[in-house]
Novice: 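Structure provided below as structure tokens; questions to follow.
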There are 2 protein chains.
Amino acid sequence: MAKDKLSERQSEILNFIRTFQHESGYPPTIRQIGESVGISSTSVVNYNLNKLEKGGYLTRDLKVSRGLRLAHGPDALGGLGDVLRIPLVGRIFASAPVPVPGAATSFAPDEAIEITRSLVKDPENLFALQVRGDSMIDAMVNDGDIVVMRRQEQARNGEMVAVWLNEREETTLKHFFLENGRVRLQPANPTMGPIYADPANVRVQGKVVLVLRQMK
Amino acid sequence: MAKDKLSERQSEILNFIRTFQHESGYPPTIRQIGESVGISSTSVVNYNLNKLEKGGYLTRDLKVSRGLRLAHGPDALGGLGDVLRIPLVGRIFASAPVPVPGAATSFAPDEAIEITRSLVKDPENLFALQVRGDSMIDAMVNDGDIVVMRRQEQARNGEMVAVWLNEREETTLKHFFLENGRVRLQPANPTMGPIYADPANVRVQGKVVLVLRQMK
DNA sequence: CGATATATAGAACAATTGTTCTATCAAGGA
DNA sequence: TCCTTGATAGAACAATTGTTCTATATATCG
């Protein structure tokens with residue numbers, strides 16, 4: 001059972017939650033819902049909320065006060081349609097590998113940047129890093145710049161990736177090319193030459209999808 | 001006392017609230033805030049929240065669990081409305097002045113880029129240009145990059161501006177410094193030296209506020 | 001009819017959560 | 001030096017709030 005049609009009461013509940021959330025900035029309590037809909041018993045509200053959750057109309061967080069949110073539907077609360085919030089997971093500099101966030105890790109970064117979805121084609125697996133130092137100027141990336149990356153271990157020819165070079169023990173941002181069994185890493189700065197490396201010594205850590213430089 | 005500058009802790013708190021609200025759909029509790037920022041005492045969190053409310057950064061509803069919301073600012077509860085649509089008015093290259101859009105001109109560009117308001121501090125008089133050619137690599141700006149500029153004829157020291165140099169007949173992006181009656185234009189690339197010019201021969205066309213580079 | 005599922009009420013409970021009070025410590029000012 | 005202010009900690013308290021349990025009524029189905 002997924003989407004049953006709503007009872008009159010359940011519609012009222014949804015409606016009230018929507019209004020309350022909009023006006024208060026946070027969801028109502030069970031008792032507030034009951035009061036607005038004319039239910040004296042908290043258990044009945046709870047009962048209906050569970051129904052609504054089963055129906056996919058909202059999500060609940062158990063044991064959490066006001067722990068519910070409307071499903072992202074026609075006019076969901078957040079409405080964050082075209083704004084992506086990308087975790088700023090750390091710094092990137094030449095002398096250390098990229099701090100790639102773990103796959104299933106539900107980390108909670110206290111910092112994040114927001115960009116419009118239109119700036120990237122695929123919003124999956126993105127994270128952001130701030131560049132530390134001048135070591136990546138050959139990638140046209142300056143101290144303080146923010147690079148948005150997608151986590152991936154494989155690179156296709158021509159993509160700009162962050163790689164860790166075992167031999168040199170450094171992280172660098174380069175355009176990646178696999179040619180005749182060796183890797184050519186081409187700086188973005190057209191005035192500079194490529195470096196070559198053995199594929200075994202190159203570890204791709206992510207693909208650069210966006211570089212942001214904010215001026216003071 | 002209205003708008004004091006925030007302490008490090010208070011910034012963290014605001015940041016956490018923003019992130020939490022975004023991810024959960026409702027605000028955090030006092031104890032959740034304390035935990036995330038590293039405060040063991042609920043009274044200290046309460047203390048800082050009151051400070052923040054006095055400063056106008058958020059609103060609180062007394063005696064209400066999770067009863068706080070961020071002030072309608074950079075990204076208030078909804079998060080919507082903080083997307084700026086910036087007209088892409090043309091190309092910028094070395095051999096021509098910047099195509100600055102007219103002041104009151106209500107032009108209707110067919111192209112535009114969208115960015116979140118949080119990426120710029122003042123959303124007034126912005127326009128965007130796409131860089132053509134490799135002539136601005138000394139400004140760490142590559143062919144294809146998009147520069148977002150604010151229209152202005154005056155520059156303050158240290159700002160990165162687009163200037164037209166009468167003598168050389170070229171447009172360039174440099175950090176601007178007025179020193180002892182002459183203009184020093186400093187490339188963003190720290191490995192390159194400045195050029196000097198007579199103020200009469202330097203025409204500031206706009207201030208660079210953001211550089212965007214999208215990777216294929 | 002009897003059985004089962006649905007919807008509702010009321011009450012009690014336990015956990016969550018905001019508030020308040022006292023105390024400590026450092027930095028200035030009088 | 002003493003006193004005030006700002007910032008922090010800890011604990012205790014009281015209100016809020018989600019959960020659970022029992023009970024009742026109504027319907028539907030065999």
Side-chain angles (χ1 to χ4, degrees), chain A residues 1-17 19-21 23-71 108 110, chain B residues 1-17 19-21 23-71:
Chain A
M1 171 247 283
K3 287 264 178 183
D4 261 348
K5 53 184 162 304
L6 301 166
S7 75
E8 177 61 33
R9 249 185 184 176
Q10 288 162 0
S11 293
E12 280 185 75
I13 289 177
L14 281 184
N15 221 352
F16 172 72
I17 294 174
T19 304
F20 188 99
Q21 167 78 49
E23 291 178 351
S24 305
Y26 46 83
T29 66
I30 283 186
R31 284 173 178 81
Q32 285 172 327
I33 295 173
E35 194 175 337
S36 85
V37 190
I39 300 179
S40 66
S41 170
T42 58
S43 70
V44 175
V45 177
N46 189 53
Y47 173 85
N48 281 289
L49 287 179
N50 284 331
K51 282 280 180 187
L52 287 168
E53 186 179 27
K54 272 214 173 55
Y57 295 96
L58 51 79
T59 311
R60 298 189 74 189
D61 295 334
L62 293 193
K63 304 229 178 196
V64 170
S65 70
R66 304 172 192 275
L68 55 87
R69 73 197 74 79
L70 295 179
D110 36 319
Chain B
M1 170 244 283
K3 285 267 179 183
D4 262 347
K5 53 185 163 304
L6 301 167
S7 75
E8 175 61 31
R9 248 185 185 176
Q10 287 162 1
S11 294
E12 281 185 73
I13 289 177
L14 281 184
N15 220 339
F16 173 71
I17 294 174
T19 302
F20 188 99
Q21 167 77 51
E23 291 179 351
S24 306
Y26 46 82
T29 67
I30 283 185
R31 284 173 178 81
Q32 285 172 326
I33 295 173
E35 194 175 340
S36 86
V37 190
I39 300 178
S40 66
S41 171
T42 58
S43 69
V44 175
V45 177
N46 190 54
Y47 172 86
N48 281 290
L49 287 179
N50 284 331
K51 282 279 178 184
L52 287 168
E53 186 177 29
K54 272 212 173 56
Y57 295 97
L58 50 80
T59 311
R60 299 188 72 189
D61 296 336
L62 294 193
K63 305 226 178 198
V64 170
S65 71
R66 305 173 191 273
L68 56 88
R69 71 197 75 79
L70 294 179

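The figures here come from the full heavy-atom set of this structure, side chains too, leaving out hydrogens, waters and symmetry mates. Every chain is numbered from 1 and lettered A, B, ... according to where its sequence line falls, protein lines coming before strand lines. Every value quoted in this text rests on a predicted model; they were computed, and no experiment measured them.
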Novice: Taking only side-chain nitrogens and oxygens of R66(A), does any of them come within less than 4.0 Å of OP1 or OP2 of dT16(D)?
Specialist: no
Novice: Tell me the interatomic distance from E12(B), atom CD, to dT8(D), atom P, rounded to whole angstroms.
Specialist: 11 Å
Novice: Looking only at N and O atoms, is any donor in the side chain of T42(B) or the base of dG18(C) less than 3.5 Å from an acceptor on the other one?
Specialist: no
Novice: Can Q21(B) and R69(B) be counted as having a side-chain donor-acceptor contact under 3.5 angstrom?
Specialist: no
Novice: OP1 or OP2 of dG10(D) versus the side-chain N and O atoms of S40(B): is any pair under 4.0 Å?
Specialist: yes
Novice: Between R66(A) and S65(B) (side chain of the first, backbone of the second, donor and acceptor by atom type, cut-off under 3.5 Å), is there such a pair?
Specialist: yes
Novice: In this structure, how many angstroms lie between the C1' atom of dG6(D) and the CG atom of L49(B), rounded?
Specialist: 16 Å
Novice: Should N46(B) be listed as having a side-chain N or O under 4.0 Å from OP1 or OP2 of dG18(C)?
Specialist: no
Novice: Take the protein atom CG of N48(A) and the nucleotide atom P of dT6(C), then report the distance between them rounded to whole Å.
Specialist: 13 Å
Novice: Would you mind reading off the distance between E35(B) atom CD and dA9(D) atom C1', rounded to a whole angstrom?
Specialist: 17 Å
Novice: Write down the distance between CG (L68(A)) and C1' (dT19(D)), rounded to a whole number of angstrom.
Specialist: 15 Å
Novice: At their closest point, which heavy atom of F16(B) faces which heavy atom of P28(B), and how far apart are they?
Specialist: CE2-CB, 3.7 Å
Novice: Under 4.0 Å from OP1 or OP2 of dT19(C): is there any side-chain N or O of R60(B) that close?
Specialist: yes
Novice: Starting from C1' on dT17(D), measure out to OH on Y26(A) and report it in whole angstrom.
Specialist: 14 Å
Novice: So, OP1 or OP2 of dT19(D): does either fall under 4.0 Å of a side-chain N or O from N50(A)?
Specialist: no
Novice: Checking side chain to side chain contact (heavy atoms under 4.5 Å, CB included) for the pair V45(B)/R31(B): CA distance, chi angles, key distance, verdict?
Specialist: CA-CA 8 Å; V45(B) 177; R31(B) 284 173 178 81; over 6 Å; no
Novice: Nearest to the side chain of S43(A), heavy atoms from C-beta on, is which of dA9(D), dT19(C), dA9(C)?
Specialist: dA9(C)
Novice: Only one of L58(B), L68(B), V64(B) forms a side chain to side chain contact (heavy atoms under 4.5 Å, CB included) with P27(B), so which one is it?
Specialist: L68(B)
Novice: With respect to the phosphate group of dA7(C), does any side-chain polar atom (N or O) of K51(A) fall under 4.0 Å of OP1 or OP2?
Specialist: yes
Novice: For Y47(B) and for V64(B), find the nucleotide of DNA chain D with the closest heavy atom, then tell me which residue's nucleotide is more 5'.
Specialist: Y47(B)
Novice: Return whichever of G38(B) or G67(A) has its heavy-atom-nearest nucleotide of DNA chain D closer to the 5' end.
Specialist: G38(B)
Novice: Quick one: R31(A) CZ to dG10(C) C1', roughly how many Å, whole number?
Specialist: 12 Å
Novice: For I30(A) and dG10(C), what is the distance between atoms CD1 and C1' respectively, to the nearest whole Å?
Specialist: 15 Å
Novice: Any side-chain N or O of S65(B) less than 4.0 Å from the OP1 or OP2 oxygen of dT17(D)?
Specialist: yes
